[in-house]
Novice: 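Attaching a single structure in structure tokens format; questions to follow.
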Amino acid sequence: MDVRLLEAAQTGDVDYLQLLLVENPLILDNIALFSSENPIHTASIAGHLDFVKEILRLRPGFAKEINQDGLSPMHMAAANGHVEILRELMKVDCRLCRSQGKEKKTPLHCAAIKGRAEIISVMLLCCPDSIEDKTVQGETALHLAVKRNQFQAVNVLLDNIREKNRGDLLSLKDELGNTVLHLAAWKRQRQVIELLLGSGTTNSGILEVNAKTNSGLTALDLLLIFPSEAGDTEITEILRSAGAMRAKDISHPAISSFQSVNQNSAFSTLEICQTEQPKNLVDYFKFQKGRDSPSEARSALLVIAVLVATATFQVGVNPPGGVWQDSYIPDQSNSKAIITKAHYAGESILATASPIAFALFVLFNSIGLSVSLFMIHILTSRFPLQFELQMCIVALYFTYNTALINMSPDEVKLYVVLVTVIPSSLTAVIAKAIRIHAKKMAEFVLARIRRVP
């Protein structure tokens, strides 16, 4: 987009826009050729109503365009709470309320995430069916509002659902099998739970209070996984008074012998996951393919790798015991000089006092740093600014090696060079070899142990 046009959109200067059009009548037509973003995107973020009106008068089709981030002008107006701009965009086409952007998010989803209650009311009035739209994760606007603790948005959405007699929307599930009641119980949102269970929704069968997630958990199960938090007792009573039960306590209808053989193992596994013993909670919180999001797992691994890299780097450049602050070379003629070893300022005290202990410290700390840097490299392999990120990792790696080598006394310096430079450079090869051969080595050791009488 022309820099001058972008400036006009950012400031909302309609007069400057007219001047640009006089100078170049095709300036708005050129946008489609060179940019995925048009002036309405920028003006909708900034909230310049008059500028949006003028652009829509000239090019109403701009209201339907999606920028490189997968957002339309209505997405931006909804997220930022610009109601009047939203109204102008809806004059072009009410169906814009259902335009799908990145991850199939609609403007209503953006408003729910940000808690824009007034925006939600306006959009539902113009396009009531937009409340049914789901993201790529299967989340409705109500799911998103509950997840983001946006109580006002939840209230508006629930009022609309009851007014339109669309109680079936309360039982919709996301890709993990969560209803809004599951999310409210997980988030400990007493107000939302009371709203969901009020007005006879459970008695009339509109809301299934004992619906299960893909992991086989009810809303009460999600609440009681950690039963020690303040306010849980009151929420538990509210749920139980509405007929909520633990999944293991729900009676199942009679089934055929063939079904019972196939399902007994599933029920027993479910009961194991739902018991409150700590050892079973460990199994529950392990990563499960198909249940847990790979992107969340990658984020968790990246955080862990950064923490390990930070800890190992810090302890590497500041070894246990610190470093000598002065240099000392004992006088050979002084018989007491053997009590204190020769050392130089900046050398590790631990390395001078116990070279073996220092060597072990360098070995394992270097392994920790190298593997964590390798993990960071793998997990960020397709991130933007890739070259700059790799330069940071390389600089950190060589800073660590330089510090350790220079604080090592002469008798262990060669060992430190070998440990920090050579093995660290082969981290990927070593990690792959360990993964391939670890199981075979364990089986071999166990077989040898069994042979011993």
Side-chain angles (χ1 to χ4, degrees), residues 1-7 9-10 31 33-39 41-42 44-46 65-72 75-76 79-80 101-103 105 110 113-114 136-137 287 292-319 346 362-408 416-435:
M1 186 177 4
D2 190 292
V3 176
R4 297 173 299 170
L5 187 58
L6 176 61
E7 181 183 350
Q10 289 173 338
I31 294 174
L33 299 175
F34 303 106
S35 177
S36 60
E37 188 152 346
N38 64 59
H41 287 102
T42 305
S44 296
I45 295 176
E65 293 187 358
I66 303 294
N67 67 5
Q68 60 186 2
D69 296 321
L71 300 173
S72 70
H75 283 88
M76 296 176 171
N80 288 281
K102 188 177 181 181
E103 297 183 346
K105 284 189 174 71
C110 294
I113 291 171
K114 292 293 187 178
V136 73
Q137 289 85 20
F287 177 81
D292 300 315
S293 169
S295 62
E296 292 182 359
R298 183 184 66 174
S299 299
L301 285 173
L302 187 58
V303 170
I304 293 170
V306 171
L307 289 174
V308 173
T310 302
T312 51
F313 179 84
Q314 185 64 26
V315 77
V317 297
N318 295 285
V362 170
L363 173 63
F364 292 109
N365 196 70
S366 297
I367 291 175
L369 178 68
S370 301
V371 173
S372 62
L373 291 180
F374 177 68
M375 288 177 63
I376 294 172
H377 168 71
I378 294 299
L379 295 170
T380 61
S381 58
R382 294 187 179 182
F383 278 27
L385 300 176
Q386 185 62 213
F387 176 74
E388 290 79 0
L389 183 59
Q390 296 305 320
M391 286 296 295
C392 292
I393 293 176
V394 171
L396 182 68
Y397 170 73
F398 281 105
T399 300
Y400 171 83
N401 290 342
T402 303
L404 273 181
I405 292 171
N406 282 279
M407 69 175 61
S408 304
V416 171
V417 171
L418 295 175
V419 167
T420 58
V421 177
I422 297 178
S424 300
S425 303
L426 301 177
T427 298
V429 178
I430 295 172
K432 185 175 181 179
I434 290 175
R435 285 197 300 269

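From a predicted model like this one, the values you see are computed outputs, not experimental measurements. Computed from heavy atoms alone, side chains included, the values below leave out hydrogens, waters and symmetry copies.
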Novice: Look up atom CE in M407 and atom OG1 in T402, then write down how far apart they are to the nearest 0.5 Å.
Specialist: 10.5 Å

Novice: For S366 and Y400, does a side-chain donor sit closer than 3.5 Å to a side-chain acceptor?
Specialist: yes

Novice: For residues G368 and T312, report the shortest heavy-atom separation together with the two atoms involved.
Specialist: C-CG2, 4.1 Å

Novice: Determine the minimum heavy-atom distance between A9 and P39, stating which atoms define it.
Specialist: CB-O, 3.7 Å

Novice: Taking the side chain as every heavy atom from C-beta outward, state whether M375 and I304 have any pair of such atoms under 4.5 Å apart.
Specialist: no

Novice: Under the side-chain hydrogen bond (donor to acceptor under 3.5 Å, both in side chains) test, which residues partner Q10, sequence neighbours left out?
Specialist: none

Novice: Just verifying a value: how many Å separate L6 CG and N38 CG, rounded to the nearest 0.5 Å?
Specialist: 11.5 Å

Novice: Return the set of residues passing side-chain hydrogen bond (donor to acceptor under 3.5 Å, both in side chains) with N67 (not counting sequence neighbours), or none when no residue passes.
Specialist: none

Novice: Mind listing the closest non-hydrogen atom pair of K105 and I113 along with its distance?
Specialist: CE-CD1, 3.8 Å

Novice: For residues A309 and L369, report the shortest heavy-atom separation together with the two atoms involved.
Specialist: O-CD1, 3.6 Å

Novice: Going from CG on L373 to CD on Q390, what distance comes out if it is rounded to the nearest 0.5 angstrom?
Specialist: 10.0 Å

Novice: To the nearest 0.5 Å, tell me how far K114 NZ sits from N80 CG.
Specialist: 7.5 Å

Novice: If I compare all heavy atoms of L379 with all of L302, which pair ends up nearest, and what's the gap?
Specialist: CD1-N, 3.5 Å

Novice: As an exercise, state the distance from CD of E65 to NE2 of H41, rounded to the nearest 0.5 Å.
Specialist: 7.0 Å

Novice: Measuring from S372:OG to L301:CG, what's the distance to the nearest 0.5 Å?
Specialist: 12.5 Å

